[in-house]
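Structure first, then comments.
So you know, we letter chains A, B, ... as the sequences are listed, proteins then strands, and number each from 1.
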Amino acid sequence: MDVDPADPRKRDRDQLVLSKGHSGPALYATLASKGFFPVDWLHTLNVGGTRLPSHCDRNRTPGIDMTTGSLGQGLSAACGIALGNRLNGIASRVFAIIGDGESDEGQNWEAAMFAAHNRLENLIAFTDCNKLQIDGSTEEIMNLGNLGAKWEAFGWFVQEVDGHDFAAMDAAVGRVKEGKGRPSMIILHTVKAKGFSLAEGQVASHNMAFSYEDAKKAIAVLEG
Amino acid sequence: MEKREMRAVYAQTLIELAKTNEDIVILDADLMHANGAFAFAKAYPERSFNVGVAEANMVGVAAGLSSVGKIPFASTFGSFAGRRDYDQFFISANYARLNVKLVGTDPGVTAKYNGGTHMPFEDLALMRAIPKLVILEPSDPVSLGKLIRKSASYYGCVYLRMQRSPASVLYPESEEFEFGRAKVLREGSDAVLFALGSVMVNESLAAAETLATEGIRAAVVDMVSLKPLDVETVVAQAGKTGRVVTCENGQASGGLSSAVAEAILESGVRAGFARIGVKDEFGEVGTVEYLMERYALRAQDIAAAVRSLA
């Protein structure tokens, strides 16, 4: 992404709407390592008065482009940003990340139609398809069926890749121009909490509590 | 009294603003003809977005547009502006501190033949619960035009409750309006009528005329702005007259009546108090005249409420 930690609201920056706002902490770690704010801030997550709340807040955290958390709303906002950029003559890209569980929300599909109808080709959305939602698997709670076919039917250019393969994801972003005027959906096949055996692939990993010792083990795995 | 179509004023004012402000954009959810937005769309097609029948997405898109500096006016019927996109307006627009102007048309009984499904009696109460939101209900074409201009130059979310049918002109073109500033349209020492919106302001003026023939001098205040509320005027008029009647074209709870009652009780002023408005009922079809009688919103109902306050 074309972003500048020294000028987080730079007018012609690429933007990211993390519609699954509960994943804020993962984004905060990335923003801190990019220099948007001191790494020390990460220890203030959810502490009263923090600038790093559980869910993304554009007014509290440098580098957060949109406030999210009430699921299903982010893609509409990303459409508005992409449309506004076009009106402003700015060719930057707008990225959005939605969850597969979040895809139950009907507003996503209103936004899907809107983006295709308005040919928002600079809009690149990802679905974090980890096959789990809070109460169970997406298949047993609310079966999404063939997600890729659905987005294609809504007029999007669809690619599906391994969401743990950085080179594959990078290549997919590079191919969005093949969409020829269509907004892009890149479905990321992922495993929730991948790499940390205590949580990997488990329903409970959505918001599980674990000990400081386990946390250190998880960090070691992720940094290994 | 001269009447002008409110939706035409809406479109014309935005067209004029758009000439010098390239950030003005409009959205509507398949009601562009009904709400008057179509005239703007003809003048500025590249700045007009019909999102189809999808109010939630409309407000979300408006929030995104405003985050990159656009000034979106998004219109739909007040029933849907309040109910179908409440969470989007609450979170994506207001909680995110963005700059969305949401326009809800056909307030209260003016939804007439569309009936109970389309009759917003609840929007004022819903909107009042959103922190920092500015809530306006202009009573005439002049105040509507002026308040649209104020809304466009103000950074922050606004809910504009707008009748789209013709309304009587109550103010000279030179009149100026502020958020949180009511207009005393008629002075009186025996009672005060706090009214919101074209229908209720006009009924209140008629009620005050009737009462005057009986020797009861009733003041009439056009509240203009529900939030912020003009507490100073409310308390001063309540203290001066000792008899208060609130008049709103919607539920008589959670909206104007509640806001006025809170202001008066907190001030320490004691006054008789009655509410004109819908009393815990749903809407239904009919002419505006039928519905005014059905929900006891007429001048004669207002006059009776004043008389009931000894």
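- Other residues, nucleotides and ligands place no more than 12 heavy atoms under 6.0 Å from the CE atom of A:Met142.
- For A:Asn59 (side chain) and B:Ala96 (main-chain N/O), a donor-acceptor pair under 3.5 Å exists by modelled atom type.
- Within 6.0 Å of the OH atom in B:Tyr155, the count of heavy atoms belonging to other residues, nucleotides or ligands exceeds 12.
- The shortest non-hydrogen separation linking A:Cys79 to B:Val61 is CB-CG2, 4.0 Å.
- A:His55 contributes atom NE2, which lies 9.5 Å from atom OH of B:Tyr95 (distance to the nearest 0.5 angstrom).
- Around atom CD of B:Glu281, more than 12 heavy atoms belonging to other residues, nucleotides or ligands sit under 6.0 Å away.
- A:Asn85 places no side-chain N or O within donor-acceptor distance of the main-chain N or O of B:Val68, the cut-off being under 3.5 Å.
- Proximity to chain B (any heavy atom under 4.5 Å) is restricted, for A:Asp57, to the side chain, taken from C-beta onward.
- Heavy-atom distances place the backbone of B:Glu46, and not its side chain, under 4.5 Å from chain A.
- Atom CG of B:Asp280 has 12 or fewer neighbouring heavy atoms from other residues, nucleotides or ligands inside a 6.0 Å radius.
- Within a 6.0 Å sphere centred on CZ of B:Arg83, other residues, nucleotides and ligands contribute more than 12 heavy atoms.
- The part of B:Phe49 that comes within reach of chain A is its side chain, from C-beta onward, which places non-hydrogen atoms under 4.5 angstrom from that chain.
- In this structure, the side chains of B:Leu65 and A:Leu87 come closer than 4.5 Å at one or more pairs of heavy atoms.
- A 6.0 Å sphere centred on NZ of B:Lys227 holds more than 12 heavy atoms belonging to other residues, nucleotides or ligands.
- The side-chain heavy atoms of B:Lys70 and A:Asn88, taken from C-beta on, include a pair separated by under 4.5 Å.
- To the nearest 0.5 Å, atom CD1 of residue B:Ile91 and atom OG1 of residue A:Thr67 are 8.5 Å apart.
- Counting heavy-atom neighbours within 6.0 Å of B:Glu232 CD, excluding the residue itself, gives a total of 12 or less.
- The line from CG of B:Leu27 to CZ of A:Phe114 is 6.5 Å long, rounded to the nearest 0.5 Å.
- Counting all heavy atoms, side chain and backbone alike, B:Asn57 lies closest to A:Ser76 at OD1-OG, 2.6 Å.
- Note that CD of A:Glu110 is 8.0 Å distant from CD of B:Gln88, once rounded to the nearest 0.5 Å.
- Heavy atoms only, all atoms of each residue included: B:Ser67 and A:Arg58 are closest at CB-NH2, 4.5 Å.
- To the nearest 0.5 angstrom, A:Ser70 atom OG is 10.0 Å from B:Phe90 atom CZ.
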For a side-chain hydrogen bond (donor to acceptor under 3.5 Å, both in side chains) check, start with the C-alpha distance between A:Gln73 and B:Asp87, then their side-chain angles and the critical distance, and finish with the verdict. CA-CA 9 Å; A:Gln73 298 194 19; B:Asp87 192 38; 2.8 Å; yes
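- Residue A:Glu139 places its CD atom among 12 or fewer non-hydrogen atoms of other residues, nucleotides or ligands, all under 6.0 Å distant.
- Comparing A:Gly84, A:Ala82, A:Ala77, A:Gly72 by how many heavy-atom pairs each has under 4.5 Å with chain B, the most go to A:Ala77.
- What you find for A:Met66 and B:Ser92 is that their closest heavy atoms are CE-O, 3.3 Å.
- With a threshold of 4.5 angstrom between heavy atoms, A:Asn108 does not approach chain B through any atom at all.
- Residue B:Val59 does not touch chain A at all, counting heavy-atom pairs closer than 4.5 Å.
- With respect to chain B, the highest number of heavy-atom pairs below 4.5 Å among A:Thr68, A:Asn118, A:Leu83 belongs to A:Leu83.
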